[in-house]
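Accompanying notes for the structure given below.
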Number of protein chains: 2
Amino acid sequence: MELENILNEMNHKGYKTTEKRRNILQVLINHQSSFLSADTILCQAKKINTHINMSTVYRNLLLLEELHLVHKILSEDGIANYKLVQVHTHHHHIICRSCGKTDIIDYCPIKELNTLVEEKHFKLTEHKLELYGYCENCIKNKNN
Amino acid sequence: MELENILNEMNHKGYKTTEKRRNILQVLINHQSSFLSADTILCQAKKINTHINMSTVYRNLLLLEELHLVHKILSEDGIANYKLVQVHTHHHHIICRSCGKTDIIDYCPIKELNTLVEEKHFKLTEHKLELYGYCENCIKNKNN
DNA sequence: TTATATGCAAAAGATTTGCAATATA
DNA sequence: TATATTGCAAATCTTTTGCATATAA
């Protein structure tokens with residue numbers, strides 16, 4: 001999605017277009033295929049616009065998540081990582097352990113799982129599936 | 001696994017049997033089918049033995065995790081939850097959103113995923129799959 | 001003009017760590 | 001006795017919040 005489209009969508013819902021919000025979104029667009037930490041997003045945003053505060057970053061990420069414009073996942077060490085939602089249909093991710101690059105996995109094992117879950121007498125509500133590995137580039141460059 | 005078996009296994013590796021370690025393990029055994037937070041483990045341990053410190057709990061959980069005796073997962077809010085490893089073969093969990101009870105899911109979609117991951121030119125190293133829902137009891141009792 | 005957004009500093013909450021004291025083998 | 005373990009308090013680190021100020025519509 002384009003920057004202006006996102007901002008327009010937000011405007012329609014009563015949220016304003018500000019310089020800082022634009023900067024944060026620009027960072028997310030520039031790294032559309034990676035999950036970034038709030039800290040990384042702040043650093044990148046500072047390259048665009050020197051004065052921007054961490055609380056502004058968090059507040060915007062929270063809002064974007066609520067609007068389903070951003071995906072949030074937790075890394076093993078409990079740090080939140082964010083990326084722009086590209087596909088609005090249900091999907092999962094494969095994430096590179098070396099560079100953080102992600103790709104979309106269109107398969108979901110929910111059908112196979114449903115039967116097993118029923119056997120256990122659970123009623124399934126959600127599931128979390130994340131794949132980790134090394135991407136083509138990182139394998140080539142042996143950056144791991 | 002029994003309490004004494006775990007302690008013996010630890011002894012063989014040079015770790016000592018202490019009262020506090022025994023208390024923490026007892027709590028994990030008493031709640032074998034749920035993931036518990038460090039805070040909950042501390043509270044439960046205090047019921048057995050009034051004087052026990054949070055850092056002791058964390059240090060023991062870390063050790064148990066390193067020894068592959070405990071599973072650790074992060075909840076949505078980033079809090080770590082722990083449970084004794086019951087089955088040492090690869091498996092996943094279904095976790096009750098209401099009472100925290102878990103059950104083991106013996107199916108793993110890794111075969112189906114492998115092909116897709118290769119198509120994306122990733123080399124898969126690990127994966128995370130967790131299912132959430134409501135267990136039989138909680139559905140009956142409508143405690144949700 | 002008025003609701004939204006931001007900066008700053010402080011607070012919150014989970015987890016970790018240094019160090020001295022203690023307990024186990 | 002030597003090494004592992006614990007308690008305590010302080011430190012760390014990420015994330016959140018209150019409040020006054022600034023900005024967009």
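Just so we're on the same page: letters track the sequence lines, and every chain starts at 1. The shown structure was predicted, so the numbers you read here are calculated from the model rather than taken from an experiment.
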Nucleotide [N], atom [atom2] - distance to [atom1] of [X] in whole Å:
X      : N       : atom1 : atom2 : result
E66(A) : dA5(C)  : CD    : P     : 11 Å
E76(B) : dT15(D) : CD    : C1'   : 16 Å
L42(A) : dT6(C)  : CG    : C1'   : 13 Å
L61(A) : dT6(C)  : CG    : C1'   : 15 Å
H12(A) : dA25(D) : NE2   : P     : 12 Å
R21(A) : dA22(D) : CZ    : C1'   : 14 Å
L7(A)  : dA5(C)  : CG    : P     : 11 Å
N60(A) : dG7(C)  : CG    : P     : 10 Å

With a 4.0 Å cut-off on heavy atoms, is I52(B) in touch with a base, just the backbone sugar-phosphate, or nothing at all? sugar-phosphate

Going by the side chain to side chain donor-acceptor pair (under 3.5 Å) test, which pairs reach into residues 99-113 of chain A, not counting sequence neighbours?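 The answer is Y107(A)-E112(A).
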
Residues forming a ring pair (Phe, Tyr, Trp, His ring centres under 6.0 Å) with H68(B), sequence neighbours excluded: none

Could you list the residues that satisfy ring pair (Phe, Tyr, Trp, His ring centres under 6.0 Å) with H31(B), not counting sequence neighbours? none

Looking only at heavy atoms, the pair that brings V57(B) and I24(B) closest together is CA-CD1, 3.8 Å

Using atom names, set out every protein N or O paired with an N or O of nucleotides 8-14 of chain C below 3.5 Å, distance rounded to 0.1 Å.
| from | atom 1 | to | atom 2 | distance (Å) |
| --- | --- | --- | --- | --- |
| dC8(C) | N4 | S55(A) | OG | 3.2 |

Which residue pairs pass the salt bridge (Lys or Arg N to Asp or Glu O under 4.0 Å) test when at least one of the two sits in residues 76-88 of chain A, sequence neighbours left out? E76(A)-R97(A)

Check nucleotides 23-25 of chain C for protein N or O atoms closer than 3.5 Å to its own N or O atoms and list the pairs.
| from | atom 1 | to | atom 2 | distance (Å) |
| --- | --- | --- | --- | --- |
| dT24(C) | O3' | T17(B) | O | 3.4 |
| dT24(C) | O2 | K16(B) | NZ | 2.7 |
| dA25(C) | OP1 | T17(B) | N | 3.1 |

Any donor-acceptor N or O pair under 3.5 Å, side chains S55(B), N53(B):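 The criterion, which ignores hydrogens and geometry beyond distance, is satisfied for N53(B) and S55(B).
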
Scan side-chain atoms only and decide if H90(A) and H92(A) contain a donor-acceptor pair under the 3.5 Å cut-off.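 Judged by distance alone, the side chains do pair up.
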
Can you tell if the side chain of L28(B) reaches within under 4.5 Å of the side chain of I6(B), non-hydrogen atoms only?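 A side-chain contact under 4.5 Å is absent here.
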
Quick check: on DNA chain C, is the nucleotide nearest M54(A) upstream (toward 5') of the one nearest A38(B), or the reverse? Name the residue that is more 5'.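 Its nearest nucleotide lies further toward 5', so the answer is M54(A).
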
With side chain to side chain donor-acceptor pair (under 3.5 Å) as the criterion, how do Q26(A) and N30(A) come out once you've worked through the C-alpha distance, each side chain's angles and the decisive distance to 0.1 Å? CA-CA 6 Å; Q26(A) 190 60 63; N30(A) 293 349; 2.9 Å; yes

Taking for L62(A) and for K20(B) the nucleotide of DNA chain D with the nearest heavy atom, the one nearer the 5' end belongs to K20(B)

